[in-house]
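Numbers restart at 1 for each chain; the letters A, B, ... are given by sequence-line order, proteins then strands.
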Amino acid sequence: GGRRSGYITIGYRGSYTIGREAQADAKFRRVARITVCGKTALAKEVFGETLNESRDHDRPPERYTARYYLKFNFLAQAFERLSEAGFRMAACSSTGTCAFAPEQGGPADDKIWTSYTEYVFCRD
Amino acid sequence: GGRRSGYITIGYRGSYTIGREAQADAKFRRVARITVCGKTALAKEVFGETLNESRDHDRPPERYTARYYLKFNFLAQAFERLSEAGFRMAACSSTGTCAFAPEQGGPADDKIWTSYTEYVFCRD
Amino acid sequence: GGRRSGYITIGYRGSYTIGREAQADAKFRRVARITVCGKTALAKEVFGETLNESRDHDRPPERYTARYYLKFNFLAQAFERLSEAGFRMAACSSTGTCAFAPEQGGPADDKIWTSYTEYVFCRD
Amino acid sequence: GGRRSGYITIGYRGSYTIGREAQADAKFRRVARITVCGKTALAKEVFGETLNESRDHDRPPERYTARYYLKFNFLAQAFERLSEAGFRMAACSSTGTCAFAPEQGGPADDKIWTSYTEYVFCRD
Amino acid sequence: GGRRSGYITIGYRGSYTIGREAQADAKFRRVARITVCGKTALAKEVFGETLNESRDHDRPPERYTARYYLKFNFLAQAFERLSEAGFRMAACSSTGTCAFAPEQGGPADDKIWTSYTEYVFCRD
C-alpha cells in the first residue's frame, strides 16, 4: 500500500525573559515540549520511537490525538523527520501572552512571557 | 456539474494555562469549538453530517455564514476533510489575548490565556 | 487593454468575548467592517457596487486609498470576489490587543478583546 | 549586468483606537512610516526617489541598512514597486502591543494600541 | 557528496518604543541578536565565520543546537546567506509581549515592548 495523505500539526510553547539576566545572557528562546496532533497512525509513522504517547496511550490508529509529544526539543529535528516522510510545511502561526513576574523563588528582576507557535504540515 | 471554486475559513479558540498545574501537566493547548465560515452550500459539501448548523439554521445555500461549527475538535481532521474536497490551505494567522486569573472556583495558582487562530482554505 | 497587475489588502477588526456569556454562546468571532486598501481603480474593478467609498470619495483612479470598505461582512465573500478578478492570496497576518472590561452598560462578567487581521492579495 | 538576487523587508507601525470615537469613525488602521531594510543598492534600485535616506545617508551600496523609509504611506504602492522590480512576497508577520490610554491632550475615552507588521520580499 | 536537505530557523528579538522619543525619532524597530537553530553542520556551512558558537561550542556536527547566533544584525543579510546556500523561506511567525516602562535610568516618558520573530528555511 502507498503512503496516505494527511495533516500533522506541531506546536510548542516558547518562553522568554525580560530584565537584567536577559541582558547578560544571549536572550535565547526556551522551547518546552513539542506537541504533535493528527491521526495516531500518521504520527507514529513519522516519529516512531521519538514519540511520547504516555498522555494518550492505547488510542486506535485511525483516531486523532492532540496529546502526543516528542522526546526531543529541537524544532529543526521535527521538521526534518516530517520532510523525510514526505510532508511539507503548509503554514505557521504564533500567539503570545503578556509578561508576568515569575513565581516566588525566581530572580526578582526578570519577567517572563510565553508564546504558542503551531506549524501545519501536509502530505498530498 | 463540476465543483465550484471558493473559500472556506476555519477558526478555533485555544486556551492555555500558566502556573503550577501547567508545570505538572503536559502543557497542551485546549481547542474549543472549530468554527466554519463561507458559503453554506460549500460548507455542507465539505463537512456533511459533521457540521453543526444550529446557530444559523435555514440559511439559503447561496448565502454566507460565519456561525457554523464542527462536531469534532481535531484540526487535522478538519484539514483532511477540506483536502479530500479539493481545498488547499492558503494562509493562517493567530492572535492572542492576555493572561487572566480564572473565575472563582478554578485553581488559584493558574492563569489562563486564550488565542484565536484562523486558517484560510481555497479551491480553484 | 488587458488586466493590470497590482496589490489589494483586505483588513478587518475582530472582537471576542471572555466570560460567562461566552461560555453559553458559541464563542464566535464578530467581524466589524472589512476595509480595502490599494489603487482606487483596482478596488472598484474588483468590488464594484459592494464598495463603500464614503470615507474617501472623489479620489482619482490612479491614486491609492486606505479608507474604502465593503458593504458586507463575510470574509469568504471578499476572497471570492478577489479570486474571480484574478487575485490570489499572498500572505496574511494578525495582531491582537488585550482584554478589557466593556464600557458601562455591557454585561459585567465579560471582557472583550479585539484583533486586526490583514490579507494581502496580488494579481500578476 | 543582470539583476542581482536578494531580500528586502518592509515594515510599518499600525495604530488603532478603541472607544467611543472609534465607534463613530470607520475604525481604520493608521499606517505610520513604512521602513525598508536590506542592501542599500537594492533599496535604491526599487524605490528610487521615493526613498528617504536621511536616517542613514552616505551608506556604501554594498552595505545593509535598517533605517531607510518611504516618502509615501500606502502599502499596496510599496508592494507594486517591489513587484515591478521582480520581487515577490515570501512571508509576513505581525505583532502587537497592549492598549494604553493616550497621553494628556488626547480624547479621554479612547485607548490606542499599536502593531508592527513586516513583509519579506525576495528576488531569485 | 551532494548537499544535504534540512531545516534552519532564524529568530530575533525586536524592540520598539512608545512615547515622546518615538514621536521624534523614526520609530525604527531595533533588532537584537539573530539566533540560529538547526543541525550544527548545516549552520556552519551556511554562515561560516559569521556564526558565533560561544554559547554552544564543541557541539558534534550531527547534533542540533538552539544557541548559535550571528555576528551581524541585518535580517536581509541572513536571508541572502541562506538563499545562496540553496535554502528558501518556508514560513515565518511573530509574537509580542506587552509594553512596560523601562528600568531606572531610561527616559521616563517611554514605554518599550518586545517581540520574537522566527523564520523557517528549508532546503530540499
Looking at every non-hydrogen atom in both residues, tell me the closest pair between A:Thr95 and B:Thr95 and how far apart they are. OG1-C, 3.4 Å
Value for OH (B:Tyr116) from OG (A:Ser93), rounded to nearest 0.5 Å, stands at 12.0 Å
In the structure I gave you, are the side-chain heavy atoms of B:Met89 and A:Val120 within less than 4.5 Å of one another anywhere? yes
A:Glu49 atom CD, neighbour heavy-atom count above 12 within 6.0 Å: no
Between A:Thr65 and chain B, which part of the residue has a heavy atom less than 4.5 Å away: side chain, backbone, both or neither? backbone
Pairs in or reaching into residues 70-91 of chain B: which pass ring-ring contact (aromatic ring centres under 6.0 Å, His included), with residues at least two apart or in two chains? A:Tyr7-B:Phe79, A:Tyr64-B:Phe74, B:Phe79-B:Tyr119, B:Phe79-B:Phe121
Hey, could you give me the CZ/SG distance between B:Arg88 and A:Cys122, rounded to the nearest 0.5 Å? 10.5 Å
At under 4.5 Å between heavy atoms, what parts of residues 40-47 of chain A are in contact with chain B? List them by residue number. A:Leu42
Side-chain heavy-atom pair B:Cys92, A:Glu118 within 4.5 angstrom cut-off: no
How long is the straight-line distance from CZ of A:Arg4 back to CD of B:Glu80, given to the nearest 0.5 Å? 8.5 Å
Atom group of A:Thr9 that falls short of 4.5 Å from chain B, counting heavy atoms: side chain
Return the CD to NZ distance between B:Gln77 and A:Lys39, rounded to the nearest 0.5 Å. 8.0 Å
